[in-house]
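Numbered from 1 within each chain, the chains take letters A, B, ... in sequence-line order.
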Amino acid sequence: MTDKQEPIIQDENTIIAERRAKLKELRDLGDAFPNQFTPTDFAKNLQANFAEFDKATMEEKSISVIVAGRMMLKRVMGKASFATIQDTTGRIQLYVTRDLINSEKNPELYSQFKKWDLGDILGATGKLFKTNTGELTIEVSEIILLTKSLRPLPEKFHGLSDQEIKYRQRYVDLIVNEETRDTFMKRSKIISGIRDFMISHNFLEVETPMLHPIPGGASAKPFMTHHNALDMDMYLRIAPELYLKRLVVGGFDRVFEINRNFRNEGLSVRHNPEFTMMEFYAAYTDYEWLMDFTEDCIQKVAEDITGSNLVTYQGKQIDFSKSFDRLTLVQAILKYSDKYKETELVDISFLKQTIKKLGGEARENVGLGALQLTLFELVAEEHLWQPTFIVDYPVEVSPLARASSKNPDITERFELFIAGREIANGFSELNDAEDQAKRFKMQAAAKEAGDEEAMYYDADFIRALEYGMPPTGGCGIGIDRLVMLVTNSASIRDVIFFPHMRPE
RNA sequence: GGGGUGUUAGCUCAGCUGGUAGAGCACCGGACUUUUAAUCCGUUGGUCGCGCGUUCGAUCCGCGCACACCCUACCA
């Protein structure tokens, strides 16, 4: 290879080749990646602070600013040009003229500027003014190319709409689509809003293991991994529940954790293999208290983020202003289907028949509660558009929840549904160590019998309960799904920066 | 896992029941010192997702594969 040969990578298109050639020119001129530039001004503040002033007033004020950002639009008109740069807060227009930026030090700067590309990152110093049409603009006196962009940006008007590229190359999506940036800014605000809410109610933020020797706290298939030094198999956690309750045993009465859970199950618009949950536990409370608290938390967050207690999700309104409905499984079935009588819904053989007729699955050895739950899922769940707490979950599907004092077959448990999907799940915790041991044994037996999602027997957790856990309420809120509602996102992938996909 | 739809230039998209491809933006060259998706003129850019088949001839028809999206199932 000789020095004169241009390094041309064959699978790249001509646009990238041209940009590489431009970069080579920059390298030949000196430092192609200067890092001594600090912006002191940001687009959003400038736009807000000077919106009200007219052209003449701006002239009098004569305000100097220093900005930096990515060049998104460029209009060259001979010896003068307009360019729009985008910084982390928004966009602002630059007015770049040959006569102002060329100097003895660099008499070629303007002709160099004309060769800069959309996507390049610039720093600029200049004076604010308003154009004839009233747009706030910086009359540039100094400009520098900070980072050369080698890849062309998507089309300036239509942006990037290919879903696959949006997910695989989120960085491009974020550069060109304001809605995407907005969604993820809201996500961040929702999480910090929840964190503030919890801390203001005396909860302690904690972190518990992501690697579990025994997966527990939920019914789900785990991911497996291996620790080399300990030479032991481990599982990515499916829920933090059992660890958080150990902390309540330890005397931390109010704890919460916002973190990832991993479940080795199918993907869908509502399921990602790793998803974010907030789980919280409060000693000396029960599921009634949890419902009030969860309602307050979600109402506050929804209102803080959207500025309203009415949220439009996929064209339909969700009303967060009123107190959330509370229905039992049976009440919900009756409310959304007029086909059944109350007496039929406590008839096991009727329920089995009905479920089969609706295409559901009714296994042989299931109790009344589980059948009611299945029927509820078939006929009512999708209709629960307005925030609704469903209560009276059967013991057999709630191995960690306290049984009701009134009816030993049901638990003091609720699930919160909004827009037809589960958003939260909470219950009065089972703090009877002997009962918990019995329930674990039943789960372990179910696992033996082939139920892949049944729980393991966790002896250390039982030992912890044997020291005594105060009566406690605990709840998990699905953060991704909450973010979907508040940002009107149809798919969970739209609220996760880097959703999992098969390799390209 | 099952079903449906899609994949054409860097991006956004056309492409006539089959004759080896077009537009806009971007890029390159030229004109232009208040533009607004700037405008005007002239270029460049393609293994039509991949493979096999049918055909004189396939972006187009058939089969298979890959990836994506939607529905469905498990799940939060």
Side-chain angles (χ1 to χ4, degrees), chain A residues 11-19 21-22 55 72-84 91 93-101 110 114-115 117-119 129-137 139 149-169 172-173 175-177 217-222 238-239 260-279 359-361 377 381 397 415-417 421-425 451-453 476-482 484 490-494 499 501-504:
Chain A
D11 61 347
E12 288 188 346
N13 66 47
T14 52
I15 294 179
I16 295 178
E18 279 160 6
R19 290 191 178 201
K22 287 177 181 177
K55 191 173 164 78
M72 303 303 289
L73 293 170
K74 188 184 181 195
R75 296 176 285 279
V76 176
M77 303 166 301
K79 301 171 197 68
S81 300
F82 286 93
T84 300
R91 291 183 172 195
Q93 181 169 259
L94 306 181
Y95 181 57
V96 184
T97 57
R98 184 196 65 183
D99 296 348
L100 255 175
I101 67 164
Y110 186 72
K114 286 203 280 187
K115 287 197 243 171
D117 293 301
L118 296 187
F129 76 106
K130 290 238 169 145
T131 63
N132 292 337
T133 50
E135 178 162 349
L136 186 69
T137 303
E139 185 179 55
S149 169
L150 295 175
R151 290 182 179 269
L153 290 176
E155 211 238 5
K156 62 188 176 187
F157 186 62
H158 297 94
L160 180 66
S161 57
D162 184 311
Q163 289 284 26
E164 187 171 349
I165 303 177
K166 278 164 68 79
Y167 297 151
R168 287 192 196 276
Q169 301 184 51
V172 179
D173 188 24
I175 290 169
V176 298
N177 290 330
S219 302
K221 290 176 217 155
I238 55 173
R260 228 65 65 77
N261 291 340
F262 304 86
R263 298 189 183 174
N264 206 341
E265 284 155 3
L267 291 81
S268 80
V269 284
R270 299 171 193 190
H271 300 85
N272 196 59
E274 54 180 303
F275 64 100
T276 302
M277 282 266 278
M278 177 180 70
E279 277 201 20
E361 201 187 346
E377 286 167 353
E381 183 169 350
V397 297
E415 288 193 354
L416 172 63
F417 291 86
R421 63 196 64 177
E422 187 187 337
I423 297 294
N425 173 22
D451 183 353
E452 277 187 275
E453 291 173 5
I477 298 177
I479 300 298
D480 310 280
R481 290 186 177 178
L482 185 61
M484 285 170 71
S491 170
I492 197 168
R493 287 176 218 114
D494 295 324
M501 304 205 136
R502 290 200 165 85
E504 286 178 68

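For the side-chain contact (heavy atoms from CB on, under 4.5 Å) criterion with Pro273(A), the lone passing option out of Asn261(A), Leu267(A), Asn264(A) is Leu267(A). Put simply, the residue from Arg481(A), Arg260(A), Arg270(A), Arg263(A) that forms a side-chain contact (heavy atoms from CB on, under 4.5 Å) with Phe275(A) is Arg263(A).
Spacing between rC61(B) and rU5(B) at atom P, rounded to whole Å, works out to 12 Å. Rounded to whole Å, the C1' atom of rG18(B) lies 14 Å from the corresponding atom of rG62(B). Separation of the P atoms belonging to rU12(B) and rA26(B) is 15 Å when rounded to the nearest angstrom. Remark: the separation of the P atoms in rC65(B) and rG29(B) is 48 Å, to the nearest Å. rC50(B) and rC60(B) have their P atoms separated by 10 Å, given to the nearest Å. rA9(B) sits 15 Å from rC28(B) when the C1' atoms are compared, rounded to a whole Å. On the P atoms, rU43(B) is 27 Å away from rA37(B), given to the nearest whole Å. Between rA23(B) and rG46(B), the distance separating the two P atoms is 14 Å to the nearest Å.
Between the C1' atom of rA73(B) and the CZ atom of Arg270(A) lies a distance of 14 Å, rounded to the nearest Å. Separating the CG atom of Asn177(A) from the C1' atom of rA37(B) is a distance of 15 Å, rounded to the nearest angstrom. We find that CG of Asp117(A) is positioned 15 Å from C1' of rC11(B), with the value rounded to whole Å. Between Lys166(A) atom NZ and rU12(B) atom C1' there is a gap of 14 Å when expressed in whole angstrom units. Rounded to whole Å, atom C1' of rA38(B) lies 8 Å from atom CE of Met77(A). The distance from atom CD1 of Ile15(A) to atom C1' of rC25(B) is 10 Å, rounded to the nearest whole Å. One interatomic measurement links the two molecules: CD of Glu453(A) to P of rA76(B), which rounds to 7 Å at whole-angstrom precision. Rounded to an integer number of Å, the gap from Phe157(A) CZ to rA38(B) C1' is 14 Å.
When the side-chain nitrogen and oxygen atoms of Arg151(A) are compared with OP1 and OP2 of rG10(B), none of them lie within a distance under 4.0 Å. Regarding contacts with the backbone of rU34(B), every side-chain N or O of Thr97(A) stays at 4.0 angstrom or more from both OP1 and OP2. In terms of phosphate contacts, Asn13(A) brings a side-chain nitrogen or oxygen within less than 4.0 Å of OP1 or OP2 of rG10(B). Within the structure, every side-chain polar atom (N or O) of Arg75(A) is placed at least 4.0 Å from both OP1 and OP2 of rU35(B). An OP1 or OP2 oxygen of rC69(B) is reached within less than 4.0 angstrom by a side-chain nitrogen or oxygen of Arg493(A). Contact annotation: Lys156(A) side-chain N/O to rC11(B) OP1/OP2 distance is not under 4.0 Å. Between Arg502(A) and rA68(B) there is a side-chain polar atom (N or O) within less than 4.0 angstrom of OP1 or OP2. Distances shown here put every side-chain N or O of Arg98(A) at or beyond 4.0 Å from the OP1 or OP2 atom of rU33(B).
Listed nucleotides: rU35(B), rC74(B), rA37(B). Nearest to the side chain of Thr131(A): rU35(B). For Ile492(A), taking side-chain heavy atoms from C-beta onward, the closest of the listed nucleotides rA76(B), rA68(B), rU34(B) is rA76(B). For Leu160(A), the side-chain atoms get nearest to rC11(B) when compared with the rest of rC70(B), rC11(B), rU35(B). Which of rC28(B), rC69(B), rC67(B) sits closest to the side chain of Met501(A) comes down to rC69(B). Comparing rU33(B), rA26(B), rG24(B) by their nearest atom to the side chain of Ala80(A) picks out rU33(B). The nucleotide whose nearest atom lies closest to any side-chain atom of Tyr167(A) is, among rC67(B), rG45(B), rC69(B), rC69(B). Comparing rC13(B), rC71(B), rC28(B) by their nearest atom to the side chain of Val269(A) picks out rC71(B). For Tyr95(A), taking side-chain heavy atoms from C-beta onward, the closest of the listed nucleotides rU33(B), rC67(B), rC74(B) is rU33(B). Proximity note for Phe275(A) (side chain, C-beta onward) versus rA76(B), rU12(B), rU34(B): the nearest is rA76(B). Distances were taken from every side-chain heavy atom of Phe129(A) (C-beta onward) to each of rU34(B), rC67(B), rU12(B); the shortest belongs to rU34(B).
For Glu135(A) and rU34(B), a side-chain-to-base donor-acceptor distance below 3.5 Å is absent, hydrogens and geometry of angles not being considered.
The backbone N or O of Leu118(A) lies less than 3.5 Å from no partner atom in the side chain of Lys74(A), so there is not a single donor-acceptor pair.
Counting non-hydrogen atoms of other residues, nucleotides and ligands closer than 6.0 Å to CD of Glu452(A) gives a total of 12 or fewer.
Closest approach of Met484(A) to Val269(A), counting heavy atoms only: CE-O, 3.7 Å.
Here Lys79(A) does not pair with Asp99(A) in a salt bridge; the nearest charged N to carboxylate O distance is not below 4.0 Å.
Where Leu153(A) and Glu139(A) meet RNA chain B, the nucleotide closest to each residue was compared, and Leu153(A) sits on the side nearer the 5' end.
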inquiry  = Let's go through Lys221(A) and Glu265(A) carefully: what are the C-alpha distance in whole Å and the side-chain angles of both, what is the deciding distance for salt bridge (charged side-chain N to carboxylate O under 4.0 Å, His left out) to 0.1 Å, and is it a yes or a no?
reply    = CA-CA 7 Å; Lys221(A) 290 176 217 155; Glu265(A) 284 155 3; 5.6 Å; no
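The distance between the ring centers of Tyr95(A) and Phe129(A) falls below 6.0 angstrom.
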